[in-house]
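When a residue number appears, it is its place in the shown sequence, counting from 1.
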Amino acid sequence: MAETVLDYEAEAAHYDRTRGGVPRAEAAAEAVLRLVPPGARTLLDLACGTGLVTERLARPGLRVYGADAAHAMVRVAAGRTPGRAVRADARRLPLPDASLDAVTAVWLLHLVPFAADVVAEAARVLRPGGVLVVTVDKDSAHDVGSDVDAVLRPYRAADAASDRADLITAYAAAHGLDPAPGTRFTGHGQGNTPRDTARKLRAGYYASWFTGDPATTETLAAALAALPDQDRRRPDPRYRLASFVRRGCPPRPVGRPAGAHARPPVGPEGSASSR
């Protein structure tokens, strides 16, 4: 997607290794499932990336699908969720209205300037009583009060974040989604080291909050290089999950055996964002 800076086609090959791997994915999936109603039968994981979280959204009776923008990400995800990973636009899903019980977007909304459109589309495809689960305030979660954060904090623009909780709540309300209890989970393996933070700063990994010029980037990199324990990880972030419920009473199942679940007609066309 042109709106993001990182090339997620290229990122797919090493994405999991650089993002906390299985422990982070397991923590995210467990937290998401806490917010998905027990009766849910269909779930779409937007910006599923390599499918590392998607494949762990496993529960008896729940059919899980993944959608992502990048061909390379979908290819990896398809190996983990055979027949259930597609390339699709998070703003224009190839699904009918009110066709899903749950939609999730983990580590997506902070990356894009069209979070409102993603929320609107999720609301469209959710059934009454269905739930939207999204990460909010992601960049703020990475400020754990460390010495690394002290260097970066003056340049963090939390007010400009596209996944600010108050903004997402307002977008949700505008499309018939009411707030419900949320939760938090640990981003295992995501604690920063000074050396790696400087590398990521130069590589553009922090484009969602840092748009500094090359001179500013080098000034910050030098300040990070002066910190002690260059390769010691600082504490892991604690990510926040918000959930929203589609207004209206859930429809009573008609002509479907107990425990059966429909397959939503997700097609392979379009493009969407990657986490």
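The side-chain heavy atoms of V119 and F244, taken from C-beta on, include no pair separated by under 4.5 Å. Annotation: side chain of V118 is in contact with side chain of R91 (closest heavy-atom distance under 4.5 Å). Using a 4.5 Å heavy-atom threshold, the side chains of V125 and D97 count as separate. Side-chain contact between F210 and Y205 is absent, with no heavy atoms from C-beta onward closer than 4.5 Å. With a 4.5 Å cut-off on side-chain heavy atoms, L33 and L57 count as touching. Between V134 and I168, some side-chain heavy-atom pair lies under the 4.5 Å cut-off. With contacts defined as side-chain heavy-atom distances shorter than 4.5 Å, the pair L52/E55 qualifies. Side-chain contact check for R87 versus M73: every heavy-atom pair is 4.5 Å or farther apart.
Residue pairs meeting the ring pair (Phe, Tyr, Trp, His ring centres under 6.0 Å) criterion with at least one member in residues 165-187, sequence neighbours excluded: W107-F185, F185-Y239. Screening residues 214-237 for ring pair (Phe, Tyr, Trp, His ring centres under 6.0 Å), with sequence neighbours left out, gives no hits. The stretch residues 171-183 participates, sequence neighbours left out, in these salt bridge (Lys or Arg N to Asp or Glu O under 4.0 Å) pairs: D178-R247.
No continuous path of hydrophobic side-chain contacts links V53 to V74 [ILVMFWY only; heavy atoms under 4.5 Å]. Criterion: ILVMFWY side-chain heavy atoms under 4.5 Å apart, direct or through other members. Under it, F114 and V136 are part of a common hydrophobic cluster. Hydrophobic cluster membership differs between V144 and L227, with clusters built from Ile, Leu, Val, Met, Phe, Trp and Tyr side chains linked at under 4.5 angstrom.
Electrostatic pairing of D143 and R153 counts as a salt bridge here, judged by a charged N lying under 4.0 Å from a carboxylate O. Under a 4.0 Å N-O distance rule, the pair R56/E30 does not qualify as a salt bridge. Looking at D139 and R156, no side-chain N of the basic residue comes within less than 4.0 Å of a carboxylate O on the acidic one, giving no salt bridge. Using a 4.0 Å cut-off between charged nitrogen and carboxylate oxygen, D101 and R41 do not count as a salt-bridge pair. Residues D163 and K138 are not paired through a salt bridge, judged by the lack of any N-O separation under 4.0 Å between the basic side chain and the carboxylate.
Of the N and O atoms on the side chains of S146 and D149, at least one donor lies less than 3.5 Å from an acceptor on the other residue. With hydrogens and angles left out, the side-chain atoms of T193 and R233 include no donor and acceptor closer than 3.5 Å. Side-chain polar atoms of R238 and T186 form a donor-acceptor pair below 3.5 angstrom.
Closest non-hydrogen pair, P181 versus L35, comes out as O-CD2, 3.5 Å. Of all non-hydrogen atoms in T197 and V148, the two that sit nearest each other are OG1-CG1, 3.9 Å. Contact between G51 and A77 at its shortest, heavy atoms only, is N-CB, 3.7 Å. Residue A67 comes nearest to A88 through the heavy atom pair CB-CB, 4.1 Å, listed as atom of the first residue, atom of the second, then distance. V151 approaches A223 most closely through the heavy-atom pair CG1-CB, 3.9 Å. Closest approach of R246 and A123 over heavy atoms only: NE-O, 2.9 Å.
Atom CG of residue L95 and atom CG of residue L44 lie 6.5 Å apart, to the nearest 0.5 angstrom. Rounding to the nearest 0.5 Å places CG of L109 at 10.5 Å from CG of L167. Summarising the geometry, atom CG belonging to L93 is positioned 6.0 Å from atom CG belonging to L46; distances are rounded to the nearest 0.5 Å. Atom OG of S140 is separated from atom NE2 of H110 by 11.5 Å, given to the nearest 0.5 angstrom. We find the CZ-CG distance between R34 and L241 to be 8.0 Å, quoted to the nearest 0.5 Å. Distance check: H188 NE2 to R24 CZ gives 11.0 Å after rounding to the nearest 0.5 Å.
Side-chain N or O atoms of D213 include one that pairs as donor or acceptor with a backbone N or O of T216 at under 3.5 Å. No donor-acceptor distance shorter than 3.5 angstrom exists from the side chain of R240 to the backbone of T183, with no hydrogens or angles considered. Listed for the D45 side chain is no donor-acceptor partner under 3.5 Å among the backbone atoms of Y65.
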For this session: Apply the test side chain to side chain contact (heavy atoms under 4.5 Å, CB included) to residues V64 and T54: give CA-CA distance (whole Å), side-chain angles for both, the deciding distance (0.1 Å), then the verdict.
Result: CA-CA 7 Å; V64 179; T54 315; 3.7 Å; yes
Exercise. Given D147 and R234, is the salt bridge (Lys or Arg N to Asp or Glu O under 4.0 Å) satisfied, shown in steps?
Worked result: CA-CA 8 Å; D147 53 352; R234 278 44 175 180; 2.9 Å; yes
For this session: Just do the side chain to side chain contact (heavy atoms under 4.5 Å, CB included) check on Y155 and Y206 with the steps written out, would you?
Result: CA-CA 11 Å; Y155 298 88; Y206 304 129; over 6 Å; no
Exercise. When you look at L100 and L43, which way does the side chain to side chain contact (heavy atoms under 4.5 Å, CB included) test go after all the steps?
Worked result: CA-CA 6 Å; L100 294 170; L43 181 152; over 6 Å; no
For this session: Evaluate side chain to side chain contact (heavy atoms under 4.5 Å, CB included) for R59 paired with V36, printing each intermediate quantity in order.
Result: CA-CA 10 Å; R59 191 166 73 190; V36 174; 3.4 Å; yes
